[in-house]
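Shown next, in structure tokens, is the structure this report addresses.
Please read all numbers here as calculations on a predicted model, not as lab measurements. Here is how names work: the chains are called A, B, and so on, in the same order as the sequence lines, proteins then strands, and each is numbered from 1. No hydrogens, no waters, no symmetry mates; every other heavy atom, side chains included, goes into these values.
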2 protein chains.
Amino acid sequence: MAWELKSDRPIYAQLIEQIELRICSGVYPLGSKIPPVRELAQEAAVNPNTMQRALAKLEEDGLLYTNRTAGRFVTEDVKLVKQVRNKLAREHAQIFIKKMTELGFEHDEILSIINSIMKEMKE
Amino acid sequence: MAWELKSDRPIYAQLIEQIELRICSGVYPLGSKIPPVRELAQEAAVNPNTMQRALAKLEEDGLLYTNRTAGRFVTEDVKLVKQVRNKLAREHAQIFIKKMTELGFEHDEILSIINSIMKEMKE
DNA sequence: ATTATTGTATTAAGCGCTTAGTACAATAAT
DNA sequence: ATTATTGTACTAAGCGCTTAATACAATAAT
């Protein structure tokens, strides 16, 4: 999973989302040590300060914790991670439905568009 | 339909999206005159320069045109507007599916989440 | 004990976005 | 003919984000 950073939004915000995603999807397993700030920053081609800013936020949220100076680790709180994963899923879905509704699509139309795109993806 | 502007993304980009939406959903009917820049800017509580920037982009895309100095009008090209509406719908759907897939949800799970949220909304 | 690694903090600079203020040209309205 | 409206252009300033460069403290590794 590569780092995908666009310039239309603050980088630190995108980093937060992508690390969150790595935790929720198991790329960074629960309880595991993640690479040091400087290394993550280099991977993402970003300034260490910017990466640090993202990590600090995730620490606030309880998804990461620091063992100064052994490094930084993913939480072992399975419940928390599942909860975050579900929260993100619901948010994505709600925002999506809101946008489609604003465009004037009915619920059944929304479902049919989703279905049609999923079919395309399977080919 | 009120102007909804957050601070986590450039305002001009949000304005573009929202005016696009107003055109696609008929709030600004095809061929109709839209309010002058200064008025739109005041409505949205935004600097006229910023609103102008958004309008210029939409003009580039062909959704608006200017009759200096009679004002600014929505295109009369029905095909174009329908095309934009469909493009937006597909993009929203694709991005949504991508995000859900990254979170580890299968296609059938995605559908069931969408369905569940739609049910909630009907209550 | 010494060294390297780790997280953290600080300062200065540059860049894009936004605002405020002002001005001008074209033309619709009077 | 005069006035008001409209789109457009320009400059200066402020703010947040990002980078670069350094430095420090704590501790794991040697």
Side-chain angles (χ1 to χ4, degrees), chain A residues 2-20 22-23 28-76, chain B residues 2-20 22-23 28-76:
Chain A
W3 296 94
E4 282 182 28
L5 299 174
K6 301 181 180 175
S7 59
D8 66 336
R9 279 171 57 224
I11 294 180
Y12 80 92
Q14 300 181 56
L15 292 175
I16 291 172
E17 289 175 3
Q18 292 189 29
I19 299 170
E20 213 170 31
R22 287 170 183 222
I23 295 173
Y28 295 152
L30 295 217
S32 70
K33 182 179 187 304
I34 67 174
V37 204
R38 292 169 176 82
E39 194 177 320
L40 285 174
Q42 200 171 20
E43 270 183 33
V46 149
N47 190 279
N49 295 329
T50 307
M51 182 58 76
Q52 166 75 20
R53 182 171 176 177
L55 296 173
K57 174 60 165 54
L58 292 167
E59 214 152 310
E60 246 186 65
D61 298 344
L63 285 176
L64 296 176
Y65 65 92
T66 295
N67 259 2
R68 183 171 170 89
T69 64
R72 211 178 239 110
F73 300 83
V74 179
T75 180
E76 290 147 16
Chain B
W3 298 93
E4 281 182 30
L5 300 173
K6 300 180 182 176
S7 59
D8 66 335
R9 280 170 55 223
I11 293 178
Y12 80 92
Q14 300 181 55
L15 292 175
I16 291 172
E17 290 175 1
Q18 292 189 29
I19 298 171
E20 214 169 32
R22 287 169 184 225
I23 295 173
Y28 294 152
L30 295 217
S32 69
K33 181 179 188 303
I34 67 174
V37 205
R38 292 169 176 82
E39 193 177 320
L40 284 174
Q42 200 172 20
E43 270 183 32
V46 148
N47 190 280
N49 295 328
T50 307
M51 183 59 76
Q52 166 74 20
R53 183 170 177 178
L55 296 172
K57 174 60 166 52
L58 292 167
E59 214 152 311
E60 247 186 65
D61 297 343
L63 285 176
L64 295 178
Y65 66 92
T66 295
N67 260 1
R68 182 170 170 87
T69 62
R72 212 178 240 109
F73 301 83
V74 178
T75 180
E76 289 147 18

Would you mind reading off the distance between [X] atom [atom1] and [N] atom [atom2], rounded to a whole angstrom?
X: A/R68; N: C/dA4; atom1: CZ; atom2: C1'; result: 15 Å
X: B/L58; N: D/dT8; atom1: CG; atom2: P; result: 12 Å
X: A/R9; N: C/dC17; atom1: CZ; atom2: C1'; result: 16 Å
X: B/N67; N: D/dG7; atom1: CG; atom2: P; result: 10 Å
X: B/K6; N: D/dG16; atom1: NZ; atom2: P; result: 20 Å
X: A/L5; N: D/dC17; atom1: CG; atom2: P; result: 16 Å
X: A/R38; N: D/dA20; atom1: CZ; atom2: P; result: 15 Å
X: A/K57; N: C/dG7; atom1: NZ; atom2: C1'; result: 20 Å

Requested in this report: Could you walk me through whether A/L5 and A/Q18 pass side chain to side chain contact (heavy atoms under 4.5 Å, CB included), step by step?
Outcome: CA-CA 9 Å; A/L5 299 174; A/Q18 292 189 29; 4.0 Å; yes

**Report entry** Nearest heavy atoms of A/M51 and A/V46, plus distance in Å
**Finding:**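 What the structure gives for the nearest pair is N-CG1, 4.0 Å.
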
Query raised in the report: So, for B/A41 and B/N47, which heavy atoms are closest and what is the spacing to 0.1 Å?
Result: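 Heavy-atom minimum between the residues: CB-C, 4.0 Å.
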
Requested in this report: May I ask you to evaluate whether B/Y12 reaches the phosphate of C/dT18, defined as a side-chain N or O under 4.0 Å from OP1 or OP2?
Outcome: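 False: B/Y12 side-chain N/O out of range (4.0 Å or more) of C/dT18 OP1/OP2.
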
Query raised in the report: Would one find a side-chain N or O of B/R72 under 4.0 angstrom from OP1 or OP2 of D/dT8?
Result: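 The answer is yes; a side-chain N or O of B/R72 sits under 4.0 Å from OP1 or OP2.
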
Requested in this report: Identify which nucleotide among D/dA28, C/dT6, C/dT27 has an atom closest to any side-chain atom of A/A70, counting heavy atoms from C-beta outward.
Outcome: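 Nearest to the side-chain atoms of A/A70, counting from C-beta on, is D/dA28.
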
Query raised in the report: B/P10 has a side chain; which of D/dT5, D/dA23, C/dT18 sits nearest to it?
Result: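 Taking heavy atoms from C-beta onward, the closest nucleotide is C/dT18.
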
Query raised in the report: So do the side chains of B/T66 and B/L55 get within less than 4.5 Å of each other, counting heavy atoms only?
Result: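 Result no, sub-4.5 Å side-chain heavy-atom pair not found.
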
**Report entry** Per-nucleotide pairing state of DNA chain D [Watson-Crick or G-U, under 3.5 Å; [ ] pseudoknot-crossing; | other strand]
**Finding:** ||||||||||||||||||||||||||||||

Report task. Strictly below 4.0 Å, heavy-atom distances to any atom of DNA chain C: list the hits from residues 45-55 of chain A, or just say none. Result ->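 When residues 45-55 of chain A is checked for heavy atoms under 4.0 Å from DNA chain C, the hits, listed by number, are A/N49, A/Q52.
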
Query raised in the report: What is the distance from atom OG1 of B/T75 to atom CG of B/D61, rounded to the nearest 0.5 Å?
Result: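 Going from the OG1 atom of B/T75 to the CG atom of B/D61 covers 11.5 Å.
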
**Report entry** Stepwise side chain to side chain contact (heavy atoms under 4.5 Å, CB included) test for B/I19 and B/I34
**Finding:** CA-CA 10 Å; B/I19 298 171; B/I34 67 174; 5.6 Å; no

**Report entry** Any donor-acceptor N or O pair under 3.5 Å, side chains B/W3, B/E43
**Finding:**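 The criterion, which ignores hydrogens and geometry beyond distance, is satisfied for B/E43 and B/W3.
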
Query - Pair B/V74-B/L64, side chain to side chain contact (heavy atoms under 4.5 Å, CB included): steps then yes or no - result: CA-CA 5 Å; B/V74 178; B/L64 295 178; 4.1 Å; yes

Query raised in the report: Going through the distances and angles, do B/R72 and B/E59 end up as a side chain to side chain contact (heavy atoms under 4.5 Å, CB included)?
Result: CA-CA 9 Å; B/R72 212 178 240 109; B/E59 214 152 311; 2.9 Å; yes

